[in-house]
Amino acid sequence: MIYLGCFLFLCGLARVMASYPIWWSLALHHQYTSLASQPIPCGSIPGLVPKQLRFCRNYLEVMPSVAQGVKIGIQECQHQFRGRRWNCTTVDGNLAIFGPVLDKGTLGRGWGGATRESAFVHAIASAGVAFAVTRACAEGSATICGCDARRKAREEGWKWGGCSEDVEFGSMVSREFADARENRPDARSAMNRHNNEAGRISITDHMYLKCKCHGLSGSCEVKTCWWSQPDFRVIGDYMKDKYDSASEMVVEKHRESRGWVETLRPKYAFFKPPTETDLVYYEGSPNFCEPNPETGSFGTRDRVCNLTSHGIDGCDLLCCGRGHNTRTEERKEKCHCVFHWCCYVSCQACLRVYDVHTCK
Ligand SMILES: *[C@@H]1O[C@H](CO)[C@@H](O)[C@H](O)[C@H]1NC(C)=O
Ligand SMILES: *[C@@H]1O[C@H](CO)[C@@H](O)[C@H](O)[C@H]1NC(C)=O
């Protein structure tokens, strides 16, 4: 059996080193994300805690969607952060797929990385799992779940039809599976639980009524409607706003009957305290300007920057003031397109020259 190229020793090491889920590496392996393949061998998934292993064995048929969900979460992360210093890069062939970057904040100690970036990745990954499972259920690819039969009510002018997506089931799977390891009494667990839930709530909050018209030439005599999840991009944009406005917290220790428990409290009393939909963190991020194997920063050397932008993707900020190089690049493009009656378009191929700016 393929063991993800991971020898027992290395798996153990990665598990000790990473304070974020090793099982996210599921997302990078086609063998897990493709629905058509063999059942997932639960025992070969790295980094599962016993509760997750049991879940995997009991709900085998939703596991490809769980893996798919982490994958769309990571893809969305990479889209949202594409022009930024930290761009959500995953490290190939490493079980800790983000490298040390989500493990270590500015404190640089082994058990840290409670940064905004980490908050975002947790939220988008757990949202992705809820989303993908919900979608798969509605498409009928699992027998234990399906459409949401409760979401029905009659109104004038249209009738229920199609399949209302059962986001509660998807969220339940995400909660059971993604939060299974977040039961430690420490601050990092509290942070992960909060951000995971924020990600899931964002989906519930964006459910909308999708309708289709029937009738002669689009007359909409009959309209069927069902509850649908939004496009995942909507969730990505929303979570990115939450990243920008994330709440900084401080760690507090309490003595309880079960021992010391860490909880989080807002750092600044004059800011609105975070709601359940806000992201929380308690460690500053490195600036990601220079490569640093300690923090997992790749630095921004050779990254493509935007000369005319004054934002974070602009050459000034992205290159951290080091300046940039410019080269020209030729690209083939369609041009001189002509519309022929009826109905096709023919184009020529032209070479266009572009300036490409990269960080020094
Ligand atoms: C993200 O950053 C890495 C490391 O600097 C770089 O290799 C990669 O090309 C970047 N990806 C995008 C889409 O800019
Ligand atoms: C560069 O930034 C400008 C100004 O923000 C924007 O209009 C333009 O689309 C950007 N170009 C690219 C290639 O992203």
Side-chain angles (χ1 to χ4, degrees), residues 14 17-18 20 24-25 27-30 33 68 70-106 108 113 115-125 127-128 231-233 235-237 239-241 243-245 284-335 349-360:
M17 282 169 55
Y20 61 93
W24 282 349
S25 62
L28 303 188
H29 292 269
H30 181 71
T33 51
Q68 189 69 39
V70 181
K71 187 175 170 179
I72 61 171
I74 291 171
Q75 281 169 349
E76 186 56 33
C77 179
Q78 291 176 346
H79 170 81
Q80 295 292 338
F81 285 83
R82 65 202 177 282
R84 304 183 61 112
R85 289 179 187 164
W86 177 75
N87 68 2
C88 208
T89 308
T90 52
V91 190
D92 253 357
N94 190 336
L95 285 171
I97 57 171
F98 289 99
V101 88
L102 299 192
D103 264 334
K104 292 176 180 162
T106 39
T115 57
R116 276 171 196 265
E117 288 75 26
S118 183
F120 182 87
V121 172
H122 276 84
I124 202 81
D231 196 18
F232 200 67
R233 178 59 33 86
I235 302 297
D237 291 344
M239 293 314 304
K240 176 59 174 25
D241 283 348
Y243 165 90
D244 289 330
S245 63
S285 306
N287 64 19
F288 299 112
C289 281
E290 302 296 332
N292 182 346
E294 247 319 87
T295 60
S297 163
F298 294 106
T300 61
R301 207 193 144 100
D302 297 330
R303 287 280 305 277
V304 174
C305 61
N306 182 335
L307 194 60
T308 54
S309 164
H310 297 293
I312 189 73
D313 62 337
C315 293
D316 280 350
L317 282 176
L318 187 67
C319 306
C320 307
R322 295 186 306 266
H324 63 273
N325 297 313
T326 303
R327 61 183 151 81
T328 54
E329 219 175 74
E330 285 187 341
R331 287 179 214 156
K332 252 193 197 143
E333 286 184 356
K334 283 184 182 170
C335 57
C350 300
L351 276 184
R352 256 190 79 182
V353 179
Y354 285 92
D355 284 335
V356 177
H357 311 284
T358 54
C359 294
K360 279 187 178 161

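Atoms considered below: every heavy atom in the structure, side chains included; atoms not considered: hydrogens, waters and symmetry mates. When a ligand or atom number is given, it counts from 1 through the structure's own listing order.
Using a cutoff of 4.0 Å between basic side-chain nitrogens and carboxylate oxygens, R331 and E333 are not scored as salt-bridged. Note on E329 versus R352: no salt bridge recorded, every NZ/NE/NH1/NH2 to OD/OE distance being 4.0 Å or above.
Taking a distance limit of 4.0 Å, we find that atom 9 (O) of ligand 2 is approached by no protein heavy atom.
In summary, the side chains of T300 and R322 do present a donor paired with an acceptor at a separation below 3.5 Å, with no hydrogens or angles considered. No side-chain donor-acceptor contact under 3.5 Å links N287 and S285. Side-chain N/O atoms of Y243 and Q80 include no donor and acceptor closer than 3.5 Å.
The protein heavy-atom contact nearest to atom 5 (O) of ligand 2 is S309 CB, 3.9 Å. Closest to atom 1 (C) of ligand 1, if we only count protein heavy atoms, is N87 ND2, 1.4 Å. The protein non-hydrogen atom at the shortest distance from atom 4 (C) of ligand 1 is F298 CB, 3.7 Å. For atom 6 (C) of ligand 1, the nearest protein heavy atom (residue, atom name, distance) is R303 CD, 4.0 Å.
Backbone and side-chain nitrogen or oxygen atoms of N306 are examined, and one is located within less than 3.5 angstrom of a nitrogen or oxygen of ligand 2.
For the side chain to side chain contact (heavy atoms under 4.5 Å, CB included) criterion with R84, the lone passing option out of L317, D313, I312 is I312.
In this structure, the side chain of H122 engages the main chain of S118 through a donor-acceptor pair within 3.5 Å.
Under the 4.0 angstrom criterion for non-hydrogen atoms, C88 is not in contact with ligand 1.
Heavy atoms of R301 found under 4.0 angstrom from ligand 1: none, in either backbone or side chain.
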Discussion item. Quick one, F298 with W86, criterion side-chain contact (heavy atoms from CB on, under 4.5 Å). Give me CA distance, side-chain angles, the key distance, then yes/no.
Written reply: CA-CA 8 Å; F298 294 106; W86 177 75; over 6 Å; no

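Short contacts between ligand 2 and T308, defined as distances under 4.0 Å to a heavy atom of the residue, involve ligand atoms 1 (C), 2 (O), 3 (C). Proximity to T89 (heavy-atom distance under 4.0 Å) selects the following atoms of ligand 1: 1 (C), 2 (O), 3 (C). Against a heavy-atom cut-off of under 4.0 Å, G299 is close to the following atoms of ligand 1: 5 (O).
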